[in-house]
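None of the values given here were measured: they were computed from a predicted structure. Chain letters run A, B, ... following the sequence lines, proteins first, then strands; residues in each count from 1.
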Amino acid sequence: MSIAAVKGMNDILPGEVETWQFLEATAHEVFGAYGFSEIRTPAVEKTELFSRSIGETTDIVEKEMYTFDDKGGTSLTLRPEGTAPVMRSFIQHRLHNLDPVSKLYYMGPMFRYERPQKGRYRQFHQIGAEVLGVEDAKIDAQVLAMLYQYFCRIDIEAVSLQVNSLGCPVCRPNYRKSLIGYLEARLEKLCPDCRRRYQNNPLRVLDCKSAGCKAAIADAPSVVEHLCADCDQHFEQVQRYLRTLDIPFVINVRMVRGLDYYVRTTFELVTDRLGSQNAVAAGGRYDGLVESLGGPPLPGIGFAIGVERLVLMKGEQRVAPATPQLFIAALGDEAADRAFVLMSALQRAGVRAEMDYLGKSLKAQMRRANKLHAAYTLILGEEELASGKAQLKNMSDGSQSQVDLVGLADILLQRLQG
RNA sequence: GUGGGUGUAGCUCAGUCGGUAGAGCACCAGGUUGUGGCCCUGGUUGUCGAGGGUUCAAUCCCCUUCACUCACCCCA
């Protein structure tokens, strides 16, 4: 057997890559309109960055990271998510000194050692955005509005925006305590996993998919009822601004986060079309993160979109590859040389032009022009060289006209670009 | 990490109750001595995932293994 790609890491081939390019180009455009700048960070970071930010006891850090020692003995990790590297870069370059508010976005591969399945891969791609320096609920709403606008622009529907508030270090401990008390009284109804984790990570139980757990937590205390005054007001304002902007959303008080740094506003864009990997985008507020990584005490909020999941949702409605505007069918060596020069001139001028390189028959060249969906085919043979006029065929209606060989490049440029 | 499913041509798959394989699509050529799409004719392509066992004989039965895939888990 020849060498295959690494498990869970996929090639993106012609035919599919056009969809990726569209999704990325639209992100540049939409995020740019909202005042975000792109930031690019390395694929590898010191391991400590992730263990400190994501949380030592999360699954990501405990068992899903690609971690290794480099030849100098430093423990490095392929980034499993994008927020921590952006925070690291932000702090390292003191970006808060340039502007009190930073709006950044990124896109690129992330790595997690998980068992691959539909919508979940070991190398996957995220498009993410982060805002640093604003606590006001307007920015929460603006980030959500931008995310919503992006999904409108890429024409993906069948997603629902779910919003929740997780509280802050002041109010969450109280909620935690009351939730643990509630779960303790119903331990025997919980699944084994939840029985094990209700002490360490009680919020996780709210997200459990087992029928027993779902029933057991049906009237569990909700986070929202336990918010402190500040958090409650913040959450109310977020909702008010979302309504002002006509952003449709639902409140899901059972939504939790897999990463430890989230506080207050959290959200997910979920769909029922991707099996169990139902989140196509997720994010939230992380007000303590920058400071905990050694930076200034700045609030932050952001999200990440799973690009593979978008591509899956686009499904059959793929973005079509660009097709040649002109195919030049040449017969004989002399005509092929003329065709080559002509094609090159057109390409320099930005016209998508193509010709045959394999010495095929005219019939075969026409077939290829058709297969490539060329808009026009120029036929150039001995007769045309002798008469000084080439045949230009419109491939959609089959009509054919004569064009002068003298100044042909300019004539074609006018026809094809005008 | 756990469980299920599937591995046969480039793709989607059929098949042999054990006698070393086929269809459609794709690709190539011809039907038109210089004109695509539709149609017709012909052609190319396989270590039947890998290793071992049973057998005169294995792509088929048995064992092992690998890969892919879906789900659990986790998450974008």
Side-chain angles (χ1 to χ4, degrees), chain A residues 1-8 10 13 15 54 58-65 79-83 107-129 147 159 191-194 196-197 201 204 207-210 255-259 267-271 274-284 302-313 327 329-332 335 356 358 360-385 390-400:
Chain A
M1 269 286 270
S2 47
I3 297 170
V6 173
K7 181 202 272 284
N10 303 119
L13 302 175
I54 298 173
T58 58
D59 276 18
I60 294 176
V61 170
E62 278 186 343
K63 46 194 190 191
E64 294 177 359
M65 297 205 304
R79 60 180 179 195
E81 57 103 34
T83 298
M107 53 183 74
M110 309 292 161
F111 304 85
R112 290 182 203 171
Y113 191 84
E114 299 182 272
R115 194 77 162 254
Q117 68 184 69
K118 184 175 186 173
R120 188 178 79 183
Y121 309 98
R122 288 183 173 178
Q123 179 182 130
F124 61 102
H125 296 75
Q126 291 188 332
I127 298 175
L147 183 61
V159 290
C191 71
D193 277 339
C194 288
R196 180 169 44 74
R197 67 188 167 196
N201 199 350
R204 191 87 257 166
D207 203 32
C208 185
K209 284 166 188 156
S210 104
M255 186 175 71
V256 300
R257 292 278 76 146
L259 286 64
F267 51 88
E268 276 179 18
L269 230 35
V270 300
T271 177
L274 290 178
S276 57
Q277 309 302 317
N278 66 341
V280 289
F303 64 77
I305 303 167
V307 183
E308 278 82 358
R309 293 177 186 182
L310 295 185
V311 173
L312 281 171
M313 289 199 72
F327 187 95
L331 287 158
D356 167 65
L358 304 177
K360 298 274 193 185
S361 68
L362 179 60
K363 183 191 181 100
Q365 293 189 56
M366 293 301 296
R367 260 205 284 264
R368 182 164 165 75
N370 184 60
K371 196 181 76 170
L372 296 174
H373 298 112
Y376 288 89
T377 299
L378 185 79
I379 297 163
L380 198 57
E382 287 164 18
E383 287 174 18
E384 285 74 16
L385 292 181
Q391 308 288 331
L392 184 64
K393 180 163 187 171
N394 180 326
M395 295 298 280
S396 53
D397 63 17
S399 66
Q400 205 159 301

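- Geometric assessment of A:Arg368 against the ring of A:Phe327 yields a negative cation-pi assignment under the 6.0 Å and 45° thresholds.
- When both distances must be under 3.5 Å, the Watson-Crick or G-U wobble mate of B:U33 does not exist.
- Using Watson-Crick or G-U wobble geometry with both donor-acceptor distances under 3.5 Å, B:U59 finds no partner in any strand shown.
- Here the side chain of A:Phe124 is nearest to one of B:A76, B:G34, B:C74, namely B:A76.
- Atom pair A:Asn10:CG and B:C68:C1' shows a separation of 11 Å (rounding to whole Å applied).
- For the pair A:Val6 and A:Asp59, both in contact range of RNA chain B, the more 5′-proximal nearest nucleotide belongs to A:Val6.
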Inset, instruction - Let me have a per-nucleotide readout for nucleotides 35-41 of chain B, 5' to 3', with B, S or -, counting only protein heavy atoms under 4.0 Å. - result: BBB----

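- Counting any heavy atom pair closer than 4.0 Å across all strands shown, A:Gly283 reaches no nucleic acid atom.
- The gap from the C1' atom of B:A14 to that of B:C25 amounts to 14 Å, rounded to the nearest Å.
- Nucleotides B:A26 and B:C38, compared at atom P, are 8 Å apart to the nearest Å.
- Taking the C1' atoms as reference points, B:G53 lies 11 Å from B:A58, given to the whole Å.
- B:U2 and B:A71 make up a base pair, with Watson-Crick or G-U wobble contacts both under 3.5 Å.
- When heavy atoms are screened at a 4.0 angstrom cut-off, A:Leu269 is found touching no nucleic acid atom at all.
- With both ends at atom C1', the span from B:G15 to B:C56 equals 24 Å, rounded to whole Å.
- The separation between A:Gln365 atom CD and B:U32 atom C1' is 16 Å, rounded to whole Å.
- In this structure, A:Arg257 does not reach the B:C74 phosphate: none of its side-chain N or O atoms is under 4.0 Å from OP1 or OP2.
- In this structure, A:Glu383 reaches the bases: a heavy-atom distance under 4.0 Å links it to at least one base atom across the strands shown.
- Judged by distance alone, with hydrogens and angles left aside, A:Gln117 brings no side-chain donor or acceptor close enough to the base of B:C74 to form a pair under 3.5 Å.
- When the P atom of B:C75 is taken as reference, atom CD1 of A:Ile54 falls 11 Å away, rounded to whole Å.
- In this structure, A:Arg309 contributes its side chain and A:Val280 its backbone to no donor-acceptor pair below 3.5 Å.
- For A:Met255 and B:A76, the CE to C1' distance is 13 Å, given to the nearest whole Å.
- The CG atom of A:Asp356 sits 15 Å away from the C1' atom of B:A29 (whole-angstrom rounding).
- Counted within 6.0 Å of CD on A:Gln400, heavy atoms from surrounding residues, nucleotides or ligands total more than 12; the atom is thus considered enclosed.
- A:Arg120 places no side-chain N or O within 3.5 Å of a backbone atom of A:Gly8 that could act as its donor or acceptor partner.
- Formation of a donor-acceptor pair under 3.5 Å by the A:Arg112 side chain with backbone atoms of A:Arg79 is not found in this model.
- The side chain of A:Leu331 lies closest to B:G34 when the candidates are B:A76, B:G34, B:C74.
- For the pair A:Pro116 and A:Gly381, both in contact range of RNA chain B, the more 5′-proximal nearest nucleotide belongs to A:Gly381.
- Using C1' as the reference atom, B:U64 and B:U54 are 15 Å apart when rounded to the nearest Å.
- Considering only the side chain of A:Glu382, B:G34 comes nearest among B:C68, B:G3, B:G34.
- If you take CD of A:Glu268 and P of B:C75, they are 10 Å apart, rounded to a whole angstrom.
- By the 4.5 Å heavy-atom criterion applied to side chains, A:Glu382 and A:Leu331 are not counted as neighbours.
- Contact annotation for A:Ala369: no contact, since no heavy-atom pair falls under 4.0 Å across all strands.
- The nucleotide B:C17 finds no pairing partner, because no Watson-Crick or G-U wobble arrangement with both distances shorter than 3.5 Å includes it.
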Inset, instruction - Check step by step if side-chain contact (heavy atoms from CB on, under 4.5 Å) holds for A:Glu81 and A:Ile60. - result: CA-CA 9 Å; A:Glu81 57 103 34; A:Ile60 294 176; 5.9 Å; no

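- For the C1' atom pair drawn from B:G36 and B:G49, the interatomic distance equals 40 Å after rounding to whole Å.
- Distance CZ (A:Arg112) to C1' (B:C73): 14 Å, rounded to an integer number of Å.
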Inset, instruction - Show your reasoning for whether side-chain contact (heavy atoms from CB on, under 4.5 Å) applies to A:Asn370 and A:Met395. - result: CA-CA 7 Å; A:Asn370 184 60; A:Met395 295 298 280; 4.3 Å; yes

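- A salt bridge links A:Arg257 to A:Glu268: at least one charged side-chain nitrogen sits closer than 4.0 Å to a carboxylate oxygen.
- Heavy-atom minimum distance, A:Ala335 versus A:Leu380: CB-O, 3.3 Å.
- Within the shown strands, nothing qualifies as a pairing partner of B:C38 under the Watson-Crick or G-U definition with both distances less than 3.5 Å.
- Distance CG (A:Leu310) to C1' (B:A76): 9 Å, rounded to an integer number of Å.
- Straight-line distance between the P atoms of B:U69 and B:C13: roughly 14 Å, to the nearest whole Å.
- Remark: B:C27 base-pairs with B:G43. Criterion, Watson-Crick or G-U wobble with two distances under 3.5 Å.
- When side chains are defined from C-beta on, A:Pro109 counts as touching A:His125, because their heavy atoms get closer than 4.5 Å.
- Taking 3.5 Å as the limit, the base of B:C74 and the side chain of A:Arg120 contain a donor-acceptor pair of atoms between them.
- To the nearest whole angstrom, the two P atoms, one in B:U6 and one in B:G42, are 37 Å apart.
- As the counterpart of B:G7, B:C66 is assigned, both hydrogen-bonding distances of the Watson-Crick or G-U wobble pattern falling under 3.5 Å.
- Look at A:Lys63 and you won't find any side-chain N or O under 4.0 angstrom from OP1 or OP2 of B:C73.
- Taking only side-chain atoms of A:Ser361, from C-beta outward, the nucleotide of B:C28, B:G30, B:A76 with the closest atom is B:G30.
- Between A:Gln126 and B:A76, a side-chain N or O to OP1/OP2 separation shorter than 4.0 Å is absent.
- Of the listed nucleotides (B:C74, B:C75, B:A71), B:C74 has the atom at the smallest distance from the side chain of A:Glu64.
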